[in-house]
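Predicted model only: the values in this text are computed from it and were never measured. These values consider heavy atoms only, across backbone and side chains, with no hydrogens, waters or symmetry-generated copies. One-based numbering, in listed order, for ligands and for the atoms of each.
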Amino acid sequence: MSESNYYLGFDLSTQQLKCLAIDDQLNIVTTVAIEFDKDFPQYKTKNGVFIKDDGVIDAPVAMWLEAVDLCFERMAKSIDLKKLQSMSGSCQQHGTVYWNCDHLPNDVKPSSNLVKQFAGCLSREVAPNWQDHSTKKQCDELTEKVGGPQNLAQITGSGAHYRFSGSQIAKVHQTEPEIYANTKKISMVSSFFASILVGDIVPLEGADACGMNLYDMEEHKFNEELLSVVDKDTESLKKKLSDPPTSCDEPKSLGTVSKYFQEKYGVNANCQVYPFTGDNLATICSLPLQQNDVLISLGTSTTILLITENYHSSPNYHLFNHPTVPHHYMGMICYCNGSLAREKIRDDINGESTTCDWTKFDEALLDDKTESLFNEDQIGLYFPLGEIVPNVNAITKRCHFKYDDCHVELNDVDSFPDNRLDAKNIVESQALSCRVRISPLLSDEASCAQESKVLGSDLNVKFDYDSSPLSSYAKRPNRAFFVGGASKNTAIVRTMANVIGAKHGNYRLETPNSCALGGCYKALWSLLKESNRETASFDRWLNDSFNWERDCEFVCHSDATKWEKYNNKIRALSEIERAAASK
Ligand SMILES: Nc1ncnc2c1ncn2[C@@H]1O[C@H](COP(=O)(O)OP(=O)(O)O)[C@@H](O)[C@H]1O
Ligand SMILES: O=C(CO)[C@@H](O)[C@H](O)COP(=O)(O)O
C-alpha cells in the first residue's frame, strides 16, 4: 500500500465532473469522470445543459450535487481517502447558484446524500450556463453605466458578455423577482462546489470573480456603480455575494472537509479545502507557462489562454487575476462553438450521429488531396450556437473568396465541393480566429513581420472593436500547449498548430483533464505554502516540480509554409465575420 499522501483536483465542467488524485511527486494516481448525460439520464440534459427558447441555456444544480456524491463513491474505491491532505479545483466559469439560506445545514447525515439534504437550500433549481445568450439587455445596462465597452473592460477586465455573472444575476432580479427576493446567498459554480465540500457557503474566489463584469480588477473589490445595475441596494447584494471574494495573493484554506465526507467516504478529518477557481484559470495552473506561450483548451468551449504581467485591458479579450500568482493576469479569448460544432461536422461526414467516430473527420483534415479542391479559396463559419467572438447569432456560412489590395469579395455557397472540406474549414477558421485575437496579447518578441510576405502590408483589417494593420497580426507564440478533450485528436492539434504557428513546438498534456490537474497542483502547493513547508511562489514551485518527460508530450513543429498560407485568409475571415454580424 502506498505511503504517499494524496491531493484531489476537481473540474465541474459543462458536460462532466472530473476528479484527479495526485501524490507527493505529482504523479496522477487515479482519475474519475462522471458524464452528466450518461450517468444521470433522469435529468435529460444534452451535453450537460438544457437549451431553452430565447438563448436561455442552464443546468440543474441537483445533478451536480448527485455527481459529487458519485465522484466520491468512485474515488473511495480507488484510493485510501484517509491519506487525502487537501482538495481544490475548478468549475465552469460565470454560472451562478442561488441559495435560500445564509448557511448550509450542518447536520448532514452520511446515511443520506447531498441532493436530499441541499436541494431544499436552493432558491432556484437551475444555474445559468456560460453558453447562455439571453442577457443582451443587462449587458447593455452594465456597459452604459460606466460609459462604454472600453471603460467596462478597464474596470472589470472584460467588455460585457452575455454569460458573465453580473448580467445573469441582473436578469434573475429583473425577471424572477420572487426568486431573487427569496435568495439569501449567490455562489459562482466554483464557490458552490467548495461550499459543498466545506459544508457551509464560502465567499467567491478572487480570480473567478473577474468573470462577473462587476469586480474592479485593480481595486480588488466590487464596483458600486456596476453592482447598482444588478440591485440598487448594493449592500444587500454584497451580502448575497459574501463580499469580499478570497484573495489570490496567499493561499488560505476555507476549512477542513465537512463531517459528511469524513463519515460517508472516510476522508481524512484534517483534509483542507482550498478555494476552487474557474476552469480556464485552473488550466493555466496545470503547466509552467512562460512569456508568449499559449494554451489552447479544446473543451466544450474553445479557449486560448496566456499569462501576462501587463494589465492592458480591451473589450476584445478577457483579463482575469491569476489565481495563484500575485500581480499576474490570465489573458483569455473564449468561443462558444468549440467541440460541439466540430461534432456536427463529424456526424455530417459520417452520415450518422451515433458512433461519434472521428476517423473520417481526421482523414479529411489530414488529406492534402482535398486541398486540390481549392480549399485555399474557402472560408467558413460554423456557429450552431450564437458565438462570443465574433458576437453573432447562430449561423453557418460557407464562402469562396477573392481579394486584391483594395477589397475582399465573398461568394456564398450552400456547400463546398466535398463535405469533407468542412472538416478542414471548421478547424482552420477556429484556429485562425484564435490566432488573430491573441496577437494583441503577445509581446513584441513574438513579432515575425519579416518572415511573412502577406503580413508585411499595412492594409487595415477589423476584428471586434479594433481595426489594425495586417502587419500587427504577424506574431507567432513561443510554444503552444493543447489541452481539453479534443487535444487527444492529433489531426486537430496538428492542423491548429500550423495555423497558430508556435515557433518552438506544439505540445499536449498527458491528461486531457488539465483543469482538474491544475486543481491538484493548486491543492498541493496551497497546503505546502500555508503550512510553511514551501516558500516558493506557485509559478516557481511548478517550474521546479513539473515533470516534462512524464506529463507533457511533444506533438509537432509548426509548418512555417502552411502558417504563411493561412495568412492569406485573415482578411477573408474578417470579411465573413462582418457579413455574419450583419445578418
Ligand atoms: N478524439 C477526439 N477528437 C475530437 N474531439 C474529441 C475527441 N475526444 C473528445 N473530444 C471532444 O472533447 C469534448 C469534451 O472535452 P472536455 O474538455 O472533457 O469538455 P468539458 O471540460 O467542457 O466538459 C467533447 O465535446 C468531444 O467533442
Ligand atoms: O465561459 C467560459 C470561459 O469564459 C468557458 O470556458 C466555461 O468556463 C466552460 O468551459 P468548458 O470547460 O465547459 O469548455
### Task
Can you sort out which atoms of ligand 1 are near K488, meaning under 4.0 Å from one of its heavy atoms?
8 (N)
#### Entry: Residues forming a salt bridge (Lys or Arg N to Asp or Glu O under 4.0 Å) with E577, sequence neighbours excluded
R437
### Message
I'd like to know whether the aromatic ring centres of F10 and F72 sit less than 6.0 Å apart in this structure.
### Response
yes
Please report, to 0.1 Å, the donor-acceptor pairs under 3.5 Å made by any side chain of residues 47-62, with sequence neighbours excluded.
from	atom 1	to	atom 2	distance (Å)
K52	NZ	D58	OD1	3.0
K52	NZ	D58	OD2	2.8

### Message
Just checking F164 against H318, ring centres under 6.0 Å apart?
### Response
yes
### Query
Which residue owns the protein heavy atom closest to atom 23 (O) of ligand 1, what's the atom, and how far is it?
S13 OG, 2.7 Å
### Task
Scan side-chain atoms only and decide if T300 and Q15 contain a donor-acceptor pair under the 3.5 Å cut-off.
yes
### Query
Relative to the heavy atoms of I492, which atoms of ligand 1 are at a distance of less than 4.0 Å?
4 (C)
### Task
Look at atom 12 (O) of ligand 1 and find which of P512, G485, S301 reaches it with the closest heavy atom.
G485
### Task
Go through the side-chain N and O atoms of T96 and R124 and say whether any donor and acceptor fall under 3.5 Å apart.
no
### Contact atoms of ligand 1, heavy-atom distance to E343 under 4.0 Å
24 (C), 25 (O), 26 (C), 27 (O)
### CZ-OG1 distance between F36 and T14, expressed to the nearest 0.5 angstrom
8.5 Å
### Summary
The closest protein heavy-atom partner of atom 14 (C) of ligand 1 is Q15 NE2, 4.0 Å
### Nearest protein heavy atom with distance in Å, relative to atom 18 (O) of ligand 1
Q16 NE2, 2.8 Å
#### Entry: Shortest protein heavy-atom distance from atom 21 (O) of ligand 1, along with the residue and atom involved
K18 NZ, 2.8 Å
### Summary
When distances are taken from atom 1 (N) of ligand 1, the protein heavy atom at minimum range is W358 CD1, 3.7 Å
### Message
Please tell me whether Y317 and D464 have a donor and an acceptor in their side chains that are separated by less than 3.5 angstrom.
### Response
no
### Identity and distance of the protein heavy atom lying nearest atom 19 (O) of ligand 1
T300 N, 3.4 Å
### Query
So which heavy atom in the protein is nearest atom 3 (N) of ligand 1, and how far is it from that ligand atom?
N489 ND2, 3.0 Å
### Query
Residues in ring pair (Phe, Tyr, Trp, His ring centres under 6.0 Å) with F416, at least two apart?
H400
### Message
Ignoring hydrogens and geometry beyond distance, is a side-chain donor-acceptor pair present between D208 and T277 at under 3.5 Å?
### Response
no
### Task
Using a strict 4.0 Å cut-off to heavy atoms of G484, name the atoms of ligand 1 that fall inside it.
17 (O)
### Message
Could you identify the single nearest non-hydrogen protein atom to atom 6 (C) of ligand 1 and state the distance to 0.1 Å?
### Response
A486 CA, 3.6 Å
### Task
Could you tell me whether the side chains of N316 and D466 share a donor-acceptor contact shorter than 3.5 Å?
yes
### Task
Counting heavy atoms only, name the option from A33, S339, C356 that's nearest to atom 11 (C) of ligand 1.
S339
## Note on the structure
One should read off an interatomic distance between Y311 OH and N321 CG, to the nearest 0.5 angstrom, of 8.0 Å
### Query
Is the CG atom of D357 crowded by more than 12 outside heavy atoms at less than 6.0 Å?
yes
Between ligand 2 and the protein, give all atom pairs where both partners are nitrogen or oxygen and the distance is under 3.5 Å, as lines of names plus distance to 0.1 Å.
from	atom 1	to	atom 2	distance (Å)
ligand 2	1 (O)	H94	NE2	3.3
ligand 2	1 (O)	R163	NE	2.9
ligand 2	4 (O)	H94	NE2	2.6
ligand 2	4 (O)	R163	NE	3.1
ligand 2	4 (O)	R163	NH2	2.9
ligand 2	6 (O)	N280	ND2	2.9
ligand 2	6 (O)	S301	OG	2.9
ligand 2	8 (O)	Q93	N	3.0
ligand 2	8 (O)	D279	OD1	2.7
ligand 2	8 (O)	D279	OD2	3.2
ligand 2	10 (O)	D279	OD2	2.9
ligand 2	10 (O)	S301	OG	3.2
ligand 2	12 (O)	D279	OD2	2.4
ligand 2	13 (O)	T14	N	3.3
ligand 2	13 (O)	T14	OG1	2.3
ligand 2	14 (O)	T300	N	3.3
ligand 2	14 (O)	S301	N	2.7
ligand 2	14 (O)	S301	OG	2.7

